[in-house]
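Structure first, commentary second.
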Amino acid sequence: MPAVETQLLENAFQEFAKASDSIINYYSVLESQIRQLKKEIEEKNSELEKARGYLYNILNSLPVGVVVTHKTNVVFANKNAEKLGSAVFSGTLSNGGQKSGELKNGRGHYRWKRERVVNGAGSNEVIVFEDVTEFEKMKERLERDERLMAMGEMAARMAHEIKNPLGSMELFLSMLFNGKLRKQDKKYIDYTLFGVKTIDRIINNLLSYTKPKTLALMETSLSQIVTETLDFMSLSAQSRGISLEVNTYFNEPSFFDPDLIKLVIMNFISNAIEAMVGKKGSIKVDLKEEEKYAVIVITDDGVGMSEEVQKSIFNPFFTTKDKGVGLGLFIVYNIVKAHGGYIEVESVEGFGSSFSIYIPKDNP
């Protein structure tokens, strides 16, 4: 091979060696950069995963339900939303242009608000809803207390206004009766006196119902009182083909007036028996503990009540019975309130009712 060609070939090999070395160096640098980028990506992914987990923890710790929807599909729901029924909410609120409102279903009473997701996510929306069932119950109890207090005061004032002239009428009628009158006239006056005394007795009863109850508090067993009262009422129930069931999950002593609490239980059991309306059924009584309260739950499978009736059952003189004055539940309500407790009602027309009587365990 000529010297010139040999030199050219040698030069070519040298250039190739340099190029190879350069490529190897570049590859090493590139490999190092790739490793660094991969490490940075892994770190960023780890940070994103931590941030995502932190965000999920925050969303799951919120005391409200949070739902993200795409059209009618649920994309995300936090734990509180799942517990409260996110599927029901998203389906119910998917139609209509309302941005906020209130919703009631079998689970409770809710307030909700809806906003579109602001990140170019198309038709995604965020629905936030809050369970305000307990708040609404408390609000209803306060409104009922104020209403009953006003009605009680009005009834007491009216009773006093009627009682004053009634006393004078009774006095004058007695004077006439003792005077010189025909036998027939005395008979008429006697009838009139009987009517006046009847009205006076009704007014006295009304005044006693509207007075604050004086409690004879004792530390005793509420479960024993419940059992004794149901034993007393069992014959009346069984004679109508109605079964009584009692479950006691709370047996510790509590402070209450035994006689008045017996009256409360008897009133509710009597109403439950009458609610069966000629059919055989069952009445279930549960005694349990909820925080600072002992709770007596009386459930029947009678005729139930409409929402309008439920709002009025504790009002004085309100009754759905053909024969009744409408003071029974008014008295019961005042007794429980005097103990520092309250009553909750759940009822579905045609399916029965449930009354929960909350009595403080300790001395109010």
Side-chain angles (χ1 to χ4, degrees), residues 106 137 140-141 144 220-252 254 256-290 293-315 318-339 341-361:
K137 285 181 179 178
E140 188 177 324
R141 287 198 298 270
R144 184 190 297 153
T220 185
S221 171
L222 186 57
S223 62
Q224 182 181 340
I225 296 298
V226 170
T227 304
E228 287 176 359
T229 309
L230 291 183
D231 286 343
F232 177 76
M233 299 292 294
S234 61
L235 189 61
S236 176
Q238 288 168 7
S239 65
R240 305 187 189 190
I242 298 167
S243 63
L244 282 177
E245 178 188 343
V246 59
N247 300 299
T248 55
Y249 306 104
F250 174 69
N251 297 296
E252 296 176 15
S254 304
F256 60 92
D257 186 319
D259 293 334
L260 290 180
I261 293 301
K262 277 184 181 179
L263 178 64
V264 169
I265 298 169
M266 287 172 63
N267 196 295
F268 279 119
I269 296 296
S270 296
N271 287 344
I273 291 171
E274 291 176 3
M276 299 300 174
V277 191
K279 70 170 186 176
K280 293 182 179 180
S282 63
I283 300 170
K284 182 181 176 185
V285 181
D286 294 323
L287 174 61
K288 58 184 181 178
E289 181 181 13
E290 281 188 23
Y293 295 99
V295 187
I296 306 167
V297 183
I298 301 172
T299 307
D300 66 68
D301 52 7
V303 294
M305 297 177 285
S306 67
E307 285 194 16
E308 288 303 313
V309 171
Q310 290 178 54
K311 291 177 182 178
S312 304
I313 53 173
F314 296 110
N315 292 352
F318 177 85
T319 182
T320 57
K321 302 173 187 176
D322 294 333
K323 295 179 180 179
V325 182
L327 287 171
L329 288 180
F330 175 65
I331 296 167
V332 160
Y333 189 86
N334 283 335
I335 290 171
V336 175
K337 186 184 173 187
H339 278 82
Y342 60 93
I343 303 171
E344 288 189 349
V345 187
E346 290 182 9
S347 185
V348 178
E349 204 165 3
F351 293 93
S353 303
S354 179
F355 290 85
S356 297
I357 307 156
Y358 289 77
I359 307 293
K361 293 183 293 183

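Counting non-hydrogen atoms of neighbouring residues, nucleotides and ligands closer than 6.0 angstrom, the CD atom of E289 exceeds 12 such neighbours.
Contact detail for S234 and D231: the closest heavy-atom pair is OG-O, 2.7 Å. Taking all atoms of both residues into account, the shortest heavy-atom contact from E228 to K262 is OE1-NZ, 3.5 Å. A pairwise comparison of heavy atoms in I265 and T229 identifies CG2-CG2, 3.8 Å as the closest pair. In terms of heavy atoms, S353 sits closest to S347 at OG-OG, 2.8 Å. The heavy-atom pair separating F250 from K288 by the smallest distance is CB-C, 3.9 Å. A pairwise comparison of heavy atoms in I273 and S236 identifies CD1-OG, 4.1 Å as the closest pair.
Distance check, rounded to the nearest 0.5 Å: CG of L287 to CD1 of I298 gives 10.5 Å. Separating the CG atom in L329 from the CD1 atom in I335 is a distance of 11.0 Å, to the nearest 0.5 Å. Atom CD1 of I261 is separated from atom NE2 of H339 by 4.0 Å, given to the nearest 0.5 angstrom. The distance from atom CD of E344 to atom CD of Q310, rounded to the nearest 0.5 Å, is 11.5 Å. Atoms CE and CD, on M233 and Q238 in that order, are 12.0 Å from each other to the nearest 0.5 Å. Once rounded to the nearest 0.5 Å, the distance linking CZ of F256 with CD1 of I359 reads 8.5 Å.
Although no hydrogens or angles enter the test, the distance criterion places a donor-acceptor pair under 3.5 Å between the side chain of D301 and the main chain of S282.
Side-chain contact check for V285 versus I269: some heavy-atom pair is nearer than 4.5 Å. Side-chain atoms of L222 and I296, non-hydrogen and from C-beta on, do get closer than 4.5 Å to each other. No side-chain heavy atom of N267 sits under 4.5 Å from any side-chain heavy atom of I331. Side-chain contact between M276 and I283 is present, with heavy atoms from C-beta onward closer than 4.5 Å. At least one side-chain heavy atom of V332 sits less than 4.5 Å from a side-chain heavy atom of I343.
Ring geometry for F355 versus F314: interplanar angle over 60°, hence perpendicular rather than tilted (30 to 60°).
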